[in-house]
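Computed from a predicted structure; not experimentally measured.
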Amino acid sequence: MTFRPDPTFHATAQLAMQAPVENYGFTVMLSPDGAQPDALAVVDLNPDSDRYGTIVNTLAMPYAGDEFHHFGWNACSSSLSPMSGHAFLERRYLIVPGIRSSRIYVIDVKDPLDAKIHKIIEPEEVFEKTGYSRPHTVHCGPEGIYVSTLGGGGADGTDGPPGVFIMDCETFEILGRYEMDRGKQDKHYDFWWNLPQDYMVSSEWGLPPQFENGIVAEDLLANQYGHSIHFWDLRRRKNIQTMDFGENYQMALEIRPAHDPKKSYGFCGIVVDTTNLQGAIFTWWRGDDGIWQSKKTITIDPRPEAAENLPPLLQGFEAVPPLVTDIDLSLDDKYLYVACWGLGEMHQYDVSDPMNPVLTGKVELGGIARGTPHPGGGAFAFGPQMVEISRDGKRVYWTNSLYSSWDNQFYPGQEGGQMVMARVGDNGGLTLDPDFYVDFPKGYRAHQIRLEGGDCSTDSFCYPNL
């Protein structure tokens with residue numbers, strides 16, 4: 001507890017864009033075969049440092065087999081909400097769940113070069129207090145830490161639907177389930193909110209048997225993965241509307257609402273349309289009548305490819321699907337970045353008009369049957385995956401691992417964890433920095449990135465831009 005708000009908390013997205021730039025990045029490293037414990041890597045992002053672009057600290061966990069995936073801060077700009085009561089928290093701890101183990105680590109990174117494990121929440125406590133398993137996305141809310149899950153109870157996580165639970169933001173005790181009335185929601189993935197407008201949006205991937213050992217092709221072709229998003233009354237904790245994009249739009253993943261809380265729209269990425277292998281982005285918005293609506297505003301085509309160049313899973317299609325596996329929105333709500341993990345491409349769209357996105361930049365790196373190397377000469381395994389944007393919108397970072405068993409299916413025989421950065425032009429456009437290339441230690445892959453002081457998929461802002 002401090003005696004003034006943390007200087008990395010910002011009332012508006014505009015103010016966050018003007019804040020000092022990031023000096024460090026935090027990236028989770030996972031051991032795909034469980035041969036060694038997962039770890040947190042600290043990367044030097046200060047271009048004036050003689051260690052720029054290198055790993056300057058690594059914190060290994062005491063257990064193996066966690067499979068680190070997504071993670072988040074204990075506190076952020078949402079603490080400045082008038083409803084908070086926690087305005088004097090510190091952005092100090094990273095909440096890092098193990099998606100396979102259901103274990104949660106609270107890591108103190110006040111000194112990034114001396115990161116320490118502050119607390120470990122064992123899976124038995126998660127099961128007992130929530131009935132959920134496979135914790136996934138972490139968001140810092142004004143009154144606590146919200147954690148989404150991908151599994152319900154039971155050994156395979158199918159005993160009841162997954163959901164969201166809340167942790168105390170000071171003691172890190174698990175308080176209990178979020179949902180009072182979940183309506184039609186029976187799968188889970190991502191979630192985010194608009195605090196002043198008092199709504200939350202959640203999305204769907206699949207249940208644990210559908211992803212833990214790899215994609216289940218029969219379920220995908222039968223359209224059995226998630227294809228809906230759910231709108232919630234945030235404070236009443238009640239599902240008020242479920243929107244089905246259509247069963248062919250399989251795996252509705254990342255939710256990205258506009259950062260300016262005056263705006264009532266956002267975006268959701270669709271991994272694959274099973275009718276044509278396209279990737280898609282839907283824009284969702286609230287109509288004048290209060291009813292939520294959506295429209296497909298971006299489609300990305302598959303690339304034809306000879307069967308012999310494809311992994312067994314795709315040979316019958318003779319094409320490489322885009323596989324839209326992550327999206328991120330700049331703090332000024334201008335650029336949407338779309339990771340096409342299958343094609344090996346990162347796209348930049350101008351979404352100033354959210355109903356009519358315009359492609360303004362593209363980078364090729366990795367990719368199925370392509371394997372485009374980094375311009376600095378290094379290899380890039382898999383394709384662009386978890387993407388994070390600097391607060392000022394000038395730098396875009398990404399890593400390459402999706403989920404260990406899925407990596408193995410779509411990129412058999414490939415190994416490696418890399419992190420790269422692209423620079424954004426004054427009028428858009430995207431160019432890979434040939435001098436920024438992080439190659440993680442052998443035996444590790446890399447997933448989500450968090451930036452010192454917050455980033456574009458961390459903070460919720462409570463006051464409108466001017």
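- Residues meeting the ring-ring contact (aromatic ring centres under 6.0 Å, His included) test with F9, sequence neighbours left out: none.
- When side chains are defined from C-beta on, L40 does not count as touching T27, because their heavy atoms never get closer than 4.5 Å.
- Note: M29 CE to M419 CE = 12.5 Å, rounded to the nearest 0.5 Å.
- No hydrogens or angles considered: a donor-acceptor pair under 3.5 Å links the side chains of D301 and Q278.
- At a threshold of 4.0 Å, the pair R256-D326 counts as salt-bridged, since one of the basic side-chain nitrogens sits closer than that to a carboxylate oxygen.
- Judged by distance alone, the side chains of D459 and H10 never bring a donor and an acceptor atom under 3.5 Å apart.
- Between R91 and E452 there is no salt bridge, since none of the side-chain N atoms of the basic residue sits less than 4.0 Å from a carboxylate O of the acidic one.
- Applying the side-chain contact (heavy atoms from CB on, under 4.5 Å) rule to A422 yields the partners W398, L430, L432; only residues at least two apart in sequence or on another chain are considered.
- Taking CG from L150 and OG from S133, the interatomic distance works out to 8.5 Å, rounded to the nearest 0.5 Å.
- Under the 3.5 Å distance criterion, with hydrogens and angles disregarded, a donor-acceptor pair is assigned to the side chains of Y349 and H347.
- Side-chain atoms of W292 never come within 3.5 Å of backbone atoms of G287 as a donor-acceptor pair (strictly under, hydrogens ignored).
- How far OG1 of T458 is from CD1 of I449: 11.0 Å, rounded to the nearest 0.5 Å.
- Judged by distance alone, the side chain of Q448 and the main-chain N or O of F71 form a donor-acceptor pair under 3.5 Å.
- A donor-acceptor pair under 3.5 Å links the side-chain atoms of D190 to the main chain of I255, judged by distance alone.
- For the pair P357 and D350, the minimum side-chain heavy-atom distance is 4.5 Å or more.
- A salt bridge between K119 and E173 is present, with a side-chain N of the basic residue lying under 4.0 Å from a carboxylate O of the acidic one.
- Contact annotation: the side chain of L59 approaches that of I117 to within less than 4.5 Å [non-hydrogen atoms, C-beta and beyond].
- Residues that satisfy the ring-ring contact (aromatic ring centres under 6.0 Å, His included) test with H69, not counting sequence neighbours, are H136, Y403, H447.
- For E204 and Y189, the side-chain atoms include no donor-acceptor pair closer than 3.5 Å.
- In summary, the side chains of T274 and Q250 do not present any donor paired with an acceptor at a separation below 3.5 Å, with no hydrogens or angles considered.
- I389 contributes atom CD1, which lies 9.0 Å from atom CD of Q348 (distance to the nearest 0.5 angstrom).
- A side-chain N or O of S31 and one of D33 form a donor-acceptor pair less than 3.5 Å apart.
- Summarising the geometry, atom CZ belonging to F267 is positioned 6.0 Å from atom CG belonging to L329; distances are rounded to the nearest 0.5 Å.
- Between the side chains of S401 and D407, at least one donor-acceptor pair of N or O atoms lies under 3.5 Å.
- One N or O on the side chain of S405 and one on the backbone of E212 form a donor-acceptor pair closer than 3.5 Å.
- At distances below 3.5 Å, at least one donor-acceptor pair connects side-chain atoms of Y463 with backbone N or O atoms of L80.
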Criterion side-chain contact (heavy atoms from CB on, under 4.5 Å) on F231 and R286, from CA distance to verdict: CA-CA 10 Å; F231 294 87; R286 182 158 52 189; over 6 Å; no

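- Residues in residues 77-89 take part in no salt bridge (charged side-chain N to carboxylate O under 4.0 Å, His left out) pair, two or more places apart or across chains.
- Within 6.0 Å of atom NZ in K184, 12 or fewer heavy atoms from other residues, nucleotides or ligands are found, so the atom counts as exposed in its surroundings.
- Test W193, W73, W192 against Y146 for ring-ring contact (aromatic ring centres under 6.0 Å, His included) and you get one pass: W193.
- The backbone N or O of S228 lies less than 3.5 Å from no partner atom in the side chain of D244, so there is not a single donor-acceptor pair.
- Side-chain N/O atoms of S264 and Q197 include a donor and acceptor closer than 3.5 Å.
- Atom CD of E124 sits in a crowded spot, with more than 12 heavy atoms from other residues, nucleotides or ligands closer than 6.0 Å.
- Looking at S78 and E143, their side chains never come closer than 4.5 Å, going by heavy atoms from C-beta outward.
- With hydrogens and angles left out, the side-chain atoms of E122 and Y63 include a donor and acceptor closer than 3.5 Å.
- With a 6.0 Å radius and a threshold of 12 heavy atoms from other residues, nucleotides or ligands, D289 has its CG atom above the threshold.
- Between Q185 and S202, the side chains place no donor N or O within less than 3.5 Å of an acceptor N or O (distance only, hydrogens not considered).
- Side-chain contact annotation: T325 with Q385, donor-acceptor N/O pair under 3.5 Å present.
- Looking at R395 and E22, a side-chain N of the basic residue comes within less than 4.0 Å of a carboxylate O on the acidic one, giving a salt bridge.
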CA sep, side-chain torsions, deciding dist, call: S203, E254, side chain to side chain donor-acceptor pair (under 3.5 Å): CA-CA 7 Å; S203 63; E254 257 65 30; over 6 Å; no

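- Between H188 and F191, the ring planes are perpendicular. Angles over 60° get that label, and only those under 30° would be called parallel.
- A donor-acceptor contact shorter than 3.5 Å is absent between the side chain of K296 and the backbone of A280.
- When atom types are taken as modelled, the side chain of S294 and the backbone of W284 share no donor-acceptor pair closer than 3.5 angstrom.
- The pair R450-D455 meets the salt-bridge criterion, with a side-chain N (NZ, NE, NH1 or NH2) lying under 4.0 Å from an Asp/Glu carboxylate O.
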Criterion side-chain contact (heavy atoms from CB on, under 4.5 Å) on L451 and F26, from CA distance to verdict: CA-CA 6 Å; L451 302 181; F26 304 93; over 6 Å; no

Verdict with reasoning, F165 to V126, per side-chain contact (heavy atoms from CB on, under 4.5 Å): CA-CA 9 Å; F165 65 86; V126 177; 4.2 Å; yes

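- The closest donor-acceptor contact from the side chain of Q14 to the backbone of L466 lies under 3.5 Å.
- Using a cut-off of 4.0 Å between Lys/Arg side-chain N and Asp/Glu carboxylate O, R103 and D66 are scored as salt-bridged.
- For F282, the ring-ring contact (aromatic ring centres under 6.0 Å, His included) partners two or more places apart in sequence, or in a different chain, are F245, Y249.
- Between the R177 side chain and the T130 main chain, a donor and an acceptor come within less than 3.5 Å of each other.
- A distance of 8.0 Å separates CE of M346 from SG of C340, quoted to the nearest 0.5 Å.
- Checked against D233 for a salt bridge (charged side-chain N to carboxylate O under 4.0 Å, His left out), the options R237, R235, R236 give a single hit: R236.
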Verdict with reasoning, T149 to R134, per side chain to side chain donor-acceptor pair (under 3.5 Å): CA-CA 5 Å; T149 63; R134 286 79 172 177; over 6 Å; no

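- Y337 and Y335 have tilted rings, their planes meeting at an angle from 30° to 60° on a 0 to 90° scale.
- Residue N213 places its CG atom among 12 or fewer non-hydrogen atoms of other residues, nucleotides or ligands, all under 6.0 Å distant.
- A donor atom on one side chain and an acceptor atom on the other are found under 3.5 Å apart for N239 and T242.
- Residues satisfying the salt bridge (Lys or Arg N to Asp or Glu O under 4.0 Å) test with D332, not counting sequence neighbours, are none.
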